[in-house]
Amino acid sequence: DGTDPASQAVDRLTAEHGTLFVIAAGNSGPGSQSVASPGAASAALTVGAVDKMDVLASFSSRGPRRGDFAIKPDITAPGVSIVAARAAGTSRGTPVDEHYTSLSGTSMAAPHVAGAAALLAQRQPDWDAGELKPALITTAAPGDYTVYQQGGGRVDVDRAFTQPAVLATPAP
């Protein structure tokens, strides 16, 4: 519900330093109110997972947040069958070859959004979490899901760069 120590730490550090924390929603879907800590933090940009066709992943945790029914996750990104580097001697996921594996999860979606946030922060160096988070959410491409399933929709870096962002503070 966002009152756990890890979520409180995210909120506190964001308030103190203006840092945007991009956090995986968790893989406890499809049930509602399944977003994990610290993704339940109000300040976190919490990420759910979609596949390459923008279909919400069945495992992707969904909102609303327990207790106050706040919108979580905030945004989605590709998180199904993502090919990523793997450590030698490991077999996590489905190995593609000796250097890569294919994995699914919101933890595979979150780096897409973190990268988008880094690019946007580079373009808008005076922005902090209070501007970056709503800019990414309001320029996301909405899918055919509820706000409690997808937040603003799938991250869209091109729109974040070209569409005027709405920098209103999202509801907690």
Side-chain heavy atoms nearer than 4.5 Å, only ILVMFWY residues, links allowed to pass through others: does that put F59 and L56 together? no
Are there over 12 heavy-atom neighbours, none belonging to D144, within less than 6.0 Å of that residue's CG? no
Ignoring hydrogens and angles, tell me if any N or O in the side chain of Q150 forms a donor-acceptor pair with the backbone of G143 under 3.5 Å. yes
What pair of heavy atoms forms the shortest contact from A49 to G79, and how long is it? CB-CA, 4.0 Å
Determine whether a donor-acceptor pair (N or O, by modelled atom type, separation under 3.5 Å) exists between the side chain of R65 and the backbone of S34. no
Distance (rounded to the nearest 0.5 Å) between S42 OG and I71 CD1: 11.5 Å
Could you report the tightest heavy-atom contact between S61 and P73, atom names first, then the distance? O-CD, 3.8 Å
Shortest non-hydrogen contact from V10 toward P38: CG2-CB, 4.0 Å
Is there a donor-acceptor pair closer than 3.5 Å between any side-chain N or O of R62 and the backbone N or O of S60? yes
Using a 3.5 Å distance criterion without hydrogens, assess whether the side chain of T90 forms a donor-acceptor pair with backbone atoms of R86. no
Give, for atom OG1 of T101 and atom CZ of R92, the distance between the pair rounded to the nearest 0.5 Å. 9.0 Å
Please check: side-chain N/O of H112 versus main-chain N/O of A77, any donor-acceptor pairing under 3.5 Å? no
Tell me which pairs pass side chain to side chain donor-acceptor pair (under 3.5 Å) where either residue lies in residues 3-29, with sequence neighbours left out. D1-T3, D4-S7, D4-S37, N27-T106
Which pair of heavy atoms, one from L119 and one from F161, lies closest together, and at what distance? O-CZ, 3.6 Å
For D128, is there any backbone N or O sitting under 3.5 Å from a side-chain donor or acceptor partner on E131? yes
Could you check T76 against Y145 for side chain to side chain contact (heavy atoms under 4.5 Å, CB included), going step by step and ending with a plain yes or no? CA-CA 11 Å; T76 62; Y145 301 97; over 6 Å; no
Excluding sequence neighbours, so at least two apart, what forms salt bridge (charged side-chain N to carboxylate O under 4.0 Å, His left out) with R159? none
Atom of G48, atom of A109 and distance for their closest heavy-atom approach: O-CB, 3.6 Å
Under 3.5 Å, side chain of Q163 to main-chain N/O of A160, donor-acceptor pair present? no
Could you list all the salt bridge (charged side-chain N to carboxylate O under 4.0 Å, His left out) pairs where at least one residue sits in residues 38-61, not counting sequence neighbours? D54-R154
One should read off an interatomic distance between L132 CG and L20 CG, to the nearest 0.5 angstrom, of 6.0 Å
Donor-acceptor check, side chain of T46 to backbone of G39, threshold 3.5 angstrom: yes or no? yes
With side chain to side chain contact (heavy atoms under 4.5 Å, CB included) as the criterion, how do I82 and L103 come out once you've worked through the C-alpha distance, each side chain's angles and the decisive distance to 0.1 Å? CA-CA 5 Å; I82 303 299; L103 291 164; 5.7 Å; no
Just do the side chain to side chain contact (heavy atoms under 4.5 Å, CB included) check on L45 and F21 with the steps written out, would you? CA-CA 6 Å; L45 181 54; F21 290 87; over 6 Å; no
Show the numbers, then the answer: is there a side chain to side chain contact (heavy atoms under 4.5 Å, CB included) between Y148 and K72? CA-CA 6 Å; Y148 290 131; K72 288 292 178 177; over 6 Å; no
